[in-house]
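Within every chain, numbering begins at 1; the chains are lettered A, B, ... in the order of the sequence lines, protein sequences first and strands thereafter. Keep in mind it's a predicted model, so treat the numbers as computed, not measured.
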2 protein chains.
Amino acid sequence: MNNKKKMPTSTISRLFIYFRELDKLEKLSIRTISSSELGERVNLSGTQVRKDLGYFGQFGVSGSGYDVSELKEVLKKILGKDKVWNVAIVGVGHLGSALLAYSGFDRHGLNIVAAFDADPKKIGKNFANITIRSIEDIKQEVKKKKISLSIITVPGNRAQEVADVLVGSGVESILNFAPISLNVPDNVKVKEVDLSRELETLSYFLADKNGNNKK
Amino acid sequence: MNNKKKMPTSTISRLFIYFRELDKLEKLSIRTISSSELGERVNLSGTQVRKDLGYFGQFGVSGSGYDVSELKEVLKKILGKDKVWNVAIVGVGHLGSALLAYSGFDRHGLNIVAAFDADPKKIGKNFANITIRSIEDIKQEVKKKKISLSIITVPGNRAQEVADVLVGSGVESILNFAPISLNVPDNVKVKEVDLSRELETLSYFLADKNGNNKK
DNA sequence: AAATGTGAATTATTTCACAGCC
DNA sequence: GGCTGTGAAATAATTCACATTT
């Protein structure tokens with residue numbers, strides 16, 4: 001059992017896109033959709049849609065396509081959206097506060113239950129119903145509140161130590177906004193999001209278009 | 001001339017990583033570095049480093065490696081970091097404000113010069129020295145302030161129309177935080193950053209580890 | 001001896017194309 | 001006829017391995 005074939009990491013990311021679109025379709029009372037229609041709505045090909053789903057099973061009906069609600073439920077299960085995960089944010093600066101204030105996470109089964117910062121001036125303050133605590137309290141709180149997912153929004157030079165503490169406390173995945181690549185054990189999943197780099201990448205294309213460099 | 005070979009899109013992203021690390025090395029007064037040492041510092045292989053640089057020219061010295069300052073300057077030029085680009089933010093909600101307040105952009109040659117929002121209550125308010133203006137003013141301001149890059153932080157259902165206005169105003173690249181895939185002409189470069197999806201992706205790995213699904 | 005630069009091999013991902021099913 | 005599911009082909013990205021240079 002568990003004969004899962006190797007699948008591209010990007011497949012998961014796309015399944016979330018399909019899920020969202022199916023949710024919209026359901027609200028529009030559309031009952032059935034073909035892979036190519038679904039793909040078209042999210043700027044992907046029908047083949048891509050079918051291939052992605054194929055890693056998990058066979059959910060379609062030849063000739064007519066997929067049942068919207070049924071496929072949505074299947075994806076919900078696959079993606080872990082039928083469970084709730086407790087999340088901590090470490091680093092309550094501009095970005096950290098924005099994420100704390102962002103209300104959309106619970107909709108996705110992500111429940112922000114703790115926030116930490118190194119700045120004594122911030123500790124004890126309340127923010128979106130959450131009391132900011134000291135970095136020192138991470139271990140204790142992670143255990144107490146059963147936190148399995150953490151967001152790092154501290155400066156780059158503090159990120160690795162924070163990651164070490166989180167991993168030592170039992171956190172299983174990390175979303176890292178600090179502009180460095182974290183070293184963690186294999187059993188911990190990290191996603192890096194580097195906002196400056198995203199913008200910088202765009203500036204490269206501008207530079208390129210307006211005629212820089214090139215071998 | 002211009003015999004550039006096709007390069008992975010991820011190469012550019014990595015060049016920014018090398019650039020940053022070279023900057024650190026320079027501050028540590030390290031003069032020379034080999035591809036493998038540089039790679040090790042950023043969790044990449046020496047081969048990867050050499051391959052990436054190879055798309056732009058030959059900058060190393062056999063037997064000794066790369067001159068830190070020289071390579072840094074080369075990358076600066078390649079990446080357009082020797083120029084300044086004017087940036088606009090459309091959508092001054094939590095995330096938009098955090099980005100507005102983030103001071104790191106200028107360090108990267110990105111100069112935020114305008115902010116727009118649809119909410120009349122916000123229009124006219126000041127934020128990090130920038131007056132928030134109406135979405136209606138986009139075209140005029142983009143021209144007047146020579147804005148070539150824009151960040152979209154509006155809700156998903158407004159993002160496409162905002163993108164249309166931006167493109168119509170002459171913006172050349174867009175960083176899109178709205179959770180939809182934008183349709184724009186080929187000459188406009190878009191990068192999508194979907195924060196919820198990044199977190200959701202992590203929740204999939206949790207679900208997976210804790211034993212969901214699988215074909 | 002040490003490290004680059006780069007074709008060739010490998011691995012990963014996407015797209016094609018079509019047999020089979022409704 | 002329309003559409004799925006999936007091997008096979010094509011394309012993209014990474015890694016290997018080594019001849020070459022200093």
Length of the line joining [X]:[atom1] and [N]:[atom2], which is rounded to integer Å:
X       : N      : atom1 : atom2 : answer
A:Leu44 : C:dC16 : CG    : C1'   : 17 Å
A:Asp52 : C:dT15 : CG    : C1'   : 12 Å
A:Tyr55 : C:dT14 : OH    : P     : 8 Å
A:Phe59 : C:dC22 : CZ    : P     : 17 Å
A:Met7  : C:dA12 : CE    : C1'   : 13 Å
A:Gln58 : D:dG7  : CD    : P     : 10 Å
A:Leu71 : D:dG5  : CG    : C1'   : 14 Å

* Return the angle between end axes of the helix from C:dA1-D:dT22 to C:dC22-D:dG1, with five pairs used per end and rounding to 10°. => 0°
* Asked: Can you check whether A:Tyr66 has a side-chain N or O nearer than 4.0 Å to OP1 or OP2 of C:dC22?
  -> no
* Quick one: is D:dT14 close enough that its OP1 or OP2 comes under 4.0 Å of any side-chain N or O from B:Ser10? -> yes
Please check: side-chain N/O of [X] versus main-chain N/O of [Y], any donor-acceptor pairing under 3.5 Å?
X        : Y        : result
A:Ser203 : A:Glu200 : yes
A:Asn86  : A:Lys145 : yes
B:Ser150 : B:Ala88  : yes
A:Thr153 : A:Val90  : yes

* Asked: Looking at C:dG5, C:dT14, D:dT14, which one has an atom nearest to any side-chain atom of B:Arg14?
  -> D:dT14
* **Beyond-backbone contact of B:Asn176 with B:Glu192, side-chain heavy atoms, under 4.5 angstrom** => yes
* If you draw a 6.0 Å radius around CD in A:Glu161, do more than 12 non-hydrogen atoms from other residues or ligands fall strictly inside? -> yes
* Asked: Which pairs with one or both residues in residues 63-73 of chain A pass salt bridge (Lys or Arg N to Asp or Glu O under 4.0 Å), sequence neighbours excluded?
  -> A:Asp23-A:Lys72, A:Glu26-A:Lys72
Solution key, residues 178-190 of chain A side-chain donor-acceptor pairs under 3.5 Å, sequence neighbours excluded:
from: A:Ser181; atom 1: OG; to: B:Asn43; atom 2: ND2; distance (Å): 2.7
from: A:Asn183; atom 1: ND2; to: B:Asn43; atom 2: OD1; distance (Å): 3.3

* Asked: Which residues pass the side chain to side chain donor-acceptor pair (under 3.5 Å) test with B:Asp117, sequence neighbours left out?
  -> none
For nucleotides 15-21 of chain D, give me every protein contact, N/O to N/O, under 3.5 Å, one pair per line with atom names.
from: D:dT21; atom 1: O2; to: B:Ser62; atom 2: OG; distance (Å): 3.2

* **Residues from residues 19-42 of chain A lying under 4.0 Å of DNA chain C - heavy atoms** => none
* To do: Give the intermediate values and the outcome of side chain to side chain donor-acceptor pair (under 3.5 Å) for residues A:Glu37 and A:Ser34.
  => CA-CA 5 Å; A:Glu37 284 173 307; A:Ser34 70; 3.2 Å; yes
* To do: Run the numbers on B:Tyr66 and B:Leu38 for side chain to side chain contact (heavy atoms under 4.5 Å, CB included), then give the verdict.
  => CA-CA 10 Å; B:Tyr66 301 85; B:Leu38 178 56; 5.9 Å; no
